[in-house]
Amino acid sequence: MYAKLIFKNARRSIKEYLIYLVTMTICTTLFYAFLSISSAYYHPAVGSAYDLTILGDDMKLAVCAVTLLLVFLIRYVNHYMLMHRQREFAIHAVMGMEQRTIGWLFFAETLCMGAVSILLGIFLGMVGSQFITAMLLSDYGADYQFSWMLFPDTVLLTVSFFSCCLLLVGIFNMRAIQKIKLADMLAAQRRNAPSLRKSRFLHVLTFFYVILLGFMLFSSLQMITCYFDPRLALPVHILFWGIILAPALGILLPIVWLAAYLLRKKKPAFHRFILAETAVTCLNAIGAACVPIMKSHYLLAYGSGVMKQYLMYLIVNVIFFICELIYLSSLAAAAWKERSPQHRYKGENLFFYGQILSKLADNTKSMILICITLVLSFFLFIAAPVLTEWSLGYLHDRCVYDILISSSYNKVYEEQALPQGDYSVVTEFLTDNNISTAYDHTFSLYLPKRSQFRSRVKWEFPVLAVSLSDYNAIREMLGYPPISLAPGTFTTQWQSIATDDERNAFLQNHPHVSTDMGSLTLSDDAFYEISVGEHIYNLYTDVIYVFPDDVCKNLLGVKRERYIQTAHALSYADAQAMETAFLQAYPDTAPSSDSSVQYDIRLQTMETNRILMSNFILKASMIYGAIVLMVICLTILSLQQLMDASQYQYRFFVLRRLGVEEQNIKKLILKQLGMWFGLPVALALLVCVIVSGSFLQTISAQIDAYIGAETLLTQLGITIGILFLLLICYFISTWILFRHSVKPGSMYPSIRI
């Protein structure tokens, strides 16, 4: 009998469960699809140069960690279902069924729905895994071929994970049903919503925000000595006074508001205070966002601790800004209704405002949380292609050569300890393993003046020099034609990350270079920007000098480099063995030693594996997390409206009795859903544009060097398209189900007013 009742209730509640089923199916599909590449049975053809064994374990941890967010979604949906069906549970209790049994029946019903979504999600995940495989093979430069395969270990993990989530939430639901009183169940749907104006949520939040402004003001005053340098540009001074005056104004506003209350013996309008505080919050957010931008443009002496502080301040200001706008939007809707009689009584607007304002008290806090979560989701979508394309672009500069061996002299204080060898251990390994080379060049990097050897101040390391013959050998290795220098001249080679302004300023300030062999003049061909790798540059510099050979012969060589291009790509096994042999011959020197040369070997095969693996995990995790967060938010928005639809049946019944046409009722429903969906989504997009703009401006040099504006815009366009497609699907689904819930005949016509 109980089994029959479970299936009957599940079939009857299919409308309420539809969004839940769709959401759970999407999440299960994504979970299985992303987790499929961690299966022991997953063996894509990526070639011998790559090893995916480590990728599977890391991917499994990342996906499972993100999917824990779904526990909240399952709990939230089940809570709404429990509240929505309290009257039904009360009828069962009146008929003599124990509340413990009612809890078990509800648990079995949700478990049944969950099982359906898990099975359907696994089936769709088999298709989704093909897209993940295509994305993986695209990153690894391999060809994709469709292969229909079910991974048993991934199926087991998927079923186990979601079953545990359903069991955990089910236990909480059973305990909640047992604690609810019968009278409360019967009166659940007749409770009125609390008044919006009696809420003290924003008052408490404002109190803590003012305290944070005190910390922000204190942090800004601590750096006061950093801003009185006359060499700093005017924007830096404006920023300095902005991050001092804006927090001070934010602290002053509540003091003035309280003083007005004490003097006038009448409480001033809180919404006016919040409106002024909102403007201050914008100024504080702009100031906090400009700190990293100014640091990157003007090389300000900020440490990582200061950057973390202002990042925290930016996040808190953005969160409080969202809370203020949601609160002010609620008050604006109420004020518009009261102060505009012509608009209020036009058409069905009075009913529309009644629908909106009746739920503001219940939904304001959830709208704030949804908006904040959507901002995070949108930012993850935008940041994912930026960070991954940045990483892939950086890979080309990091791994220019098949084998790169470099040394560092920053811990060497005696000239006799500087490296002079040719790294014979690598030569022996190549010979023993029959690995042929196409190019092999060993050379030194020099200091223009021997006295610069002791210069070890951060940001003031000297620019190194390379001989013309060595530079031409590198160009030949990379497929570029050689260059020439006139006697007594020099040229420069720049990293791609350097901006045009930085390069032009350096060349203008260094038309001559003083060396131990005399002064050199800048050549007519003043600079080159080919990608020669990052190790050739000294610490904290983006440029090297190219000197004539006869000059370099008498300079002090401080770094010893060896670049090798093999005839064929190294396999992962050979690269791993070579790296092990090199580290054994040149072990890491203890950090406490003051006279040690630091050696580094970069194998393109190993670096490509590491970077591609971390890049794919980062991209997959961010995209998966963004989709999960967005699905959670849209599900909550949909469920709020669908759960309220049962309470609106009587209202729409009365509206039809008053003669309102069905077409107008459809428009009214569309406006109502547009309000609840549009407000958090539009506000989240606005805030995300501001935050993302600050983020992209901070790394603008990296975008120009490694990504490119066209690639970035393409990635962002695809991302925005996916977001709007998902939003439209949820909105249309909710609109259809809402109309079905309040359609004519959805309640008995014998109901009397």
Side-chain angles (χ1 to χ4, degrees), residues 231 296 298-301 397 404-420 442-471 474 485 488-499 501-523 525-563 589 593-600 701:
R231 295 174 298 177
S296 62
Y298 296 99
L299 299 178
L300 300 181
D397 278 355
L404 180 149
I405 305 170
S406 179
S407 64
S408 174
Y409 75 99
N410 62 319
K411 289 188 177 182
V412 181
Y413 293 93
E414 299 296 334
E415 294 182 8
Q416 295 78 7
L418 291 170
Q420 298 295 332
T442 305
F443 62 98
S444 294
L445 297 172
Y446 307 92
L447 288 173
K449 302 197 71 172
R450 187 178 295 268
S451 59
Q452 295 174 325
F453 177 67
R454 303 272 177 193
S455 178
R456 306 293 171 87
V457 180
K458 186 177 182 181
W459 304 112
E460 295 182 7
F461 270 67
V463 177
L464 297 180
V466 62
S467 69
L468 177 62
S469 59
D470 292 332
Y471 182 64
I474 295 173
L485 287 174
T489 64
F490 75 97
T491 187
T492 56
Q493 160 64 40
W494 287 83
Q495 285 205 73
S496 57
I497 194 175
T499 63
D501 293 337
E502 292 174 344
R503 186 188 66 240
N504 295 334
F506 181 89
L507 296 177
Q508 184 178 2
N509 295 328
H510 297 81
H512 304 281
V513 174
S514 178
T515 73
D516 290 333
M517 296 299 294
S519 178
L520 298 176
T521 304
L522 186 63
S523 173
D525 296 324
F527 65 91
Y528 296 91
E529 290 183 301
I530 66 172
S531 179
V532 295
E534 62 180 4
H535 282 76
I536 200 171
Y537 305 96
N538 205 357
L539 295 176
Y540 312 110
T541 64
D542 296 328
V543 59
I544 59 170
Y545 296 127
V546 181
F547 288 169
D549 290 7
D550 57 344
V551 174
C552 291
K553 289 178 181 179
N554 296 283
L555 300 181
L556 176 63
V558 291
K559 294 184 66 176
R560 192 66 174 168
E561 310 283 303
R562 183 175 180 181
Y563 300 162
T589 309
S593 177
D594 292 332
S595 59
S596 59
V597 180
Q598 302 293 317
Y599 296 97
D600 187 22

query = Under a 4.5 Å cut-off applied to non-hydrogen side-chain atoms, are Ile474 and Ile536 in contact?
reply = yes
ask   = Does the pair Tyr413 and Arg454 meet the rule for a side chain to side chain contact (heavy atoms under 4.5 Å, CB included), with working shown?
value = CA-CA 7 Å; Tyr413 293 93; Arg454 303 272 177 193; 3.8 Å; yes
task = Output the distance between atom CZ (Arg503) and atom CG (Asp542), rounded to the nearest 0.5 Å.
result = 11.5 Å
request  = Might you point out which heavy atoms bring Tyr446 and Ser444 nearest each other, and give the distance in Å?
outcome  = CE1-O, 3.4 Å
message = Let me confirm one number: the CH2-OG1 distance from Trp494 to Thr541, rounded to the nearest 0.5 Å.
response = 9.0 Å
query = What are the two closest non-hydrogen atoms of Leu485 and Ser523, and how far apart are they?
reply = CD2-CB, 4.1 Å
inquiry  = Which residues pass the side-chain hydrogen bond (donor to acceptor under 3.5 Å, both in side chains) test with Gln493, not counting sequence neighbours?
reply    = Tyr471, Tyr537
note = Closest heavy-atom pair, His535 versus Lys559, reported as atoms and distance to 0.1 Å, is O-NZ, 2.7 Å
key: Thr489 backbone acceptor or donor facing Thr521 side chain under 3.5 Å   = no
key: Nearest heavy atoms of Gly557 and Leu418, plus distance in Å   = O-CD1, 3.4 Å
ask   = Once you round to the nearest 0.5 Å, how far does CG of Leu447 lie from CG of Asp516?
value = 9.0 Å
message = Give me the atom names and distance for the closest heavy-atom approach of Lys449 to Thr515.
response = CG-CA, 3.9 Å
For residues 545-555, run the donor-acceptor check on the side chains, cut-off 3.5 Å, and write out each pair with its distance to 0.1 Å, sequence neighbours left out.
unit_1: Asp549; atom_1: OD1; unit_2: Leu468; atom_2: N; d: 3.1
unit_1: Asp549; atom_1: OD1; unit_2: Ser469; atom_2: N; d: 3.0
unit_1: Asp549; atom_1: OD1; unit_2: Ser469; atom_2: OG; d: 3.4
unit_1: Asp549; atom_1: OD2; unit_2: Ser469; atom_2: OG; d: 2.8
unit_1: Asn554; atom_1: ND2; unit_2: Asp550; atom_2: O; d: 3.4

Side chain to side chain, Gln452 and Phe461, heavy atoms closer than 4.5 Å = no
request  = Working to the nearest 0.5 Å, report the span between OG1 of Thr492 and NE2 of His510.
outcome  = 11.0 Å
query = Distance-only, no hydrogens or angles: does the Ser407 side chain make a donor-acceptor pair with backbone N or O of Arg560 under 3.5 Å?
reply = yes
note = Nearest heavy-atom contact between Val558 and Tyr409 is O-CB, 3.6 Å
message = Quick one: does any side-chain atom of Thr491 pair with a main-chain N or O of Asp525 as donor and acceptor, under 3.5 Å?
response = yes
task = With rounding to the nearest 0.5 Å, note down the distance linking CD1 in Ile544 to CG in Leu445.
result = 6.5 Å
Side chain to side chain contact (heavy atoms under 4.5 Å, CB included) evaluation trace for Val513 with Val463 = CA-CA 10 Å; Val513 174; Val463 177; over 6 Å; no
message = Looking at Asn538 and Leu464, would you say the former's side chain and the latter's main chain have a donor-acceptor pair under 3.5 Å?
response = no
